[in-house]
K.L.:
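Have a look at the structure that comes next, please.
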Amino acid sequence: MNNILSREFYLREAVDAAKDLLGKKLVTCFSNKITSGIIVETEAYSQWERGCHAFRGKTKRNATLFEEGGIAYVYLCYGVYNLFNAVTNVKGKGEGVLIRALQPLDGLEAMTERSQSEKKITSGPGKLTIAMGIELKHNEMSLQGNKIWIEDAPLIDPKNIQTSERIGLGSAGEDAHLPWRFSIKENKWVSR
DNA sequence: TACGTGATCACG
DNA sequence: GTGATCACGTAA
């Protein structure tokens, strides 16, 4: 298993890492069940814009974002869903990449069981964490460990990358329109 | 397009 | 303490 993305991959700006994460393979291994999927949709967040949790400075919830890149930032959204981010850049920056959608690969059975649903179980940030078994306790966990990791894969051709505005940012003002959502064109697993 | 949902954060 | 605010999903 030597094709796990190195720590260096994450030590740069979230926007760049978000683009390069498309096509990579997110893998989890919980209760001896391997589940994995191709990353087909991401969003970048940076401390200097309002859409980012780290915008107002470090708090108890977002402290993980300020750590060095290469770890997981998991938090509860709307009291219901866990969202999974990969922390990027050097310690103290407060940047990360939200994983919004996956194309299922291995462990489909375990995923459908966890989701208690049949279709589109990984098309959306809240659903994919359920399918992959990612929970709040995995916050701050290394992405080079044996529970959650991301494996390298060839870069996606830029002409197959769809760039658009980010989703669900109500009061981020101007920053809500930053073209920081990246997805693979014509992939049916991309969220609405 | 409406609303449930509950932790978190910025105020008193 | 308390109230407003969400990086969502589903039903309709």
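Below, chains carry the letters A, B, ... as their sequence lines are ordered, and counting in each starts from 1.
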K.L.:
Specify the separation, in whole Å, of atom NE2 of H53(A) and atom C1' of dT5(C).
P.N.:
11 Å
K.L.:
Separation of E41(A) atom CD from dC8(C) atom P, in whole Å?
P.N.:
10 Å
K.L.:
So does R50(A) get a side-chain nitrogen or oxygen closer than 4.0 Å to the phosphate oxygens (OP1/OP2) of dA7(C)?
P.N.:
no
K.L.:
If we require ring centres under 5.5 Å and near-parallel planes under 30°, does Y45(A) stack on dA7(C)?
P.N.:
yes
K.L.:
Could you check whether G79(A) gets within reach of a base, just the sugar-phosphate, or nothing at all, counting any heavy atom under 4.0 Å?
P.N.:
base
K.L.:
Between dG9(C), dT5(B), dA7(C), which nucleotide has the shortest distance from any of its atoms to the side chain of K127(A)?
P.N.:
dG9(C)
K.L.:
Taking the side chain of L76(A) as its heavy atoms from C-beta onward, which of dA7(C), dA7(B), dT5(B) lies nearest to it?
P.N.:
dA7(B)
K.L.:
Pick one: which of S123(A), S164(A), S183(A), S191(A) meets side-chain hydrogen bond (donor to acceptor under 3.5 Å, both in side chains) with E41(A)?
P.N.:
S191(A)
K.L.:
How close or far is atom P of dC8(C) from atom CZ of R166(A), stated in whole angstroms?
P.N.:
11 Å
K.L.:
Kindly point out which of dA7(C), dC8(C), dC9(B) is positioned nearest to the side chain of Y75(A)?
P.N.:
dA7(C)
K.L.:
Once you apply the 3.5 Å cut-off to both distances, tell me the Watson-Crick or G-U wobble partner of dT5(B), or none.
P.N.:
none
K.L.:
Is dA7(C) paired to anything, Watson-Crick or G-U wobble with both distances less than 3.5 Å, and if yes, which nucleotide?
P.N.:
none
K.L.:
Within a strict 4.5 Å, meaning less than it, do heavy atoms of the L26(A) and F84(A) side chains meet?
P.N.:
yes
K.L.:
With heavy atoms under 4.0 Å as the rule, sort G51(A) into base, sugar-phosphate or nothing.
P.N.:
base
K.L.:
Under a 4.0 Å threshold between the charged nitrogen and the carboxylate oxygen, would R7(A) count as salt-bridged to E68(A)?
P.N.:
yes
K.L.:
Ion pair present between K185(A) and D157(A), side-chain N to carboxylate O less than 4.0 angstrom?
P.N.:
no
K.L.:
Check this for me: does any side-chain nitrogen of one of E95(A) and R12(A) sit under 4.0 Å from a carboxylate oxygen of the other?
P.N.:
no
K.L.:
By the 4.0 Å heavy-atom rule, please label R192(A) as base, sugar-phosphate, or nothing.
P.N.:
base
K.L.:
What is the distance, to the nearest angstrom, from the CG atom on L65(A) to the C1' atom on dT8(B)?
P.N.:
14 Å
K.L.:
Over how many whole Å does the gap from R56(A) atom CZ to dA7(C) atom C1' extend?
P.N.:
14 Å
K.L.:
dG9(C) C1' sits how many Å from I121(A) CD1, rounded?
P.N.:
15 Å
K.L.:
Output the rounded distance in Å from OH (Y78(A)) to P (dT5(B)).
P.N.:
15 Å
K.L.:
Starting at atom OH of Y73(A), determine the distance to atom P of dA7(C), rounded to an integer number of angstrom.
P.N.:
9 Å
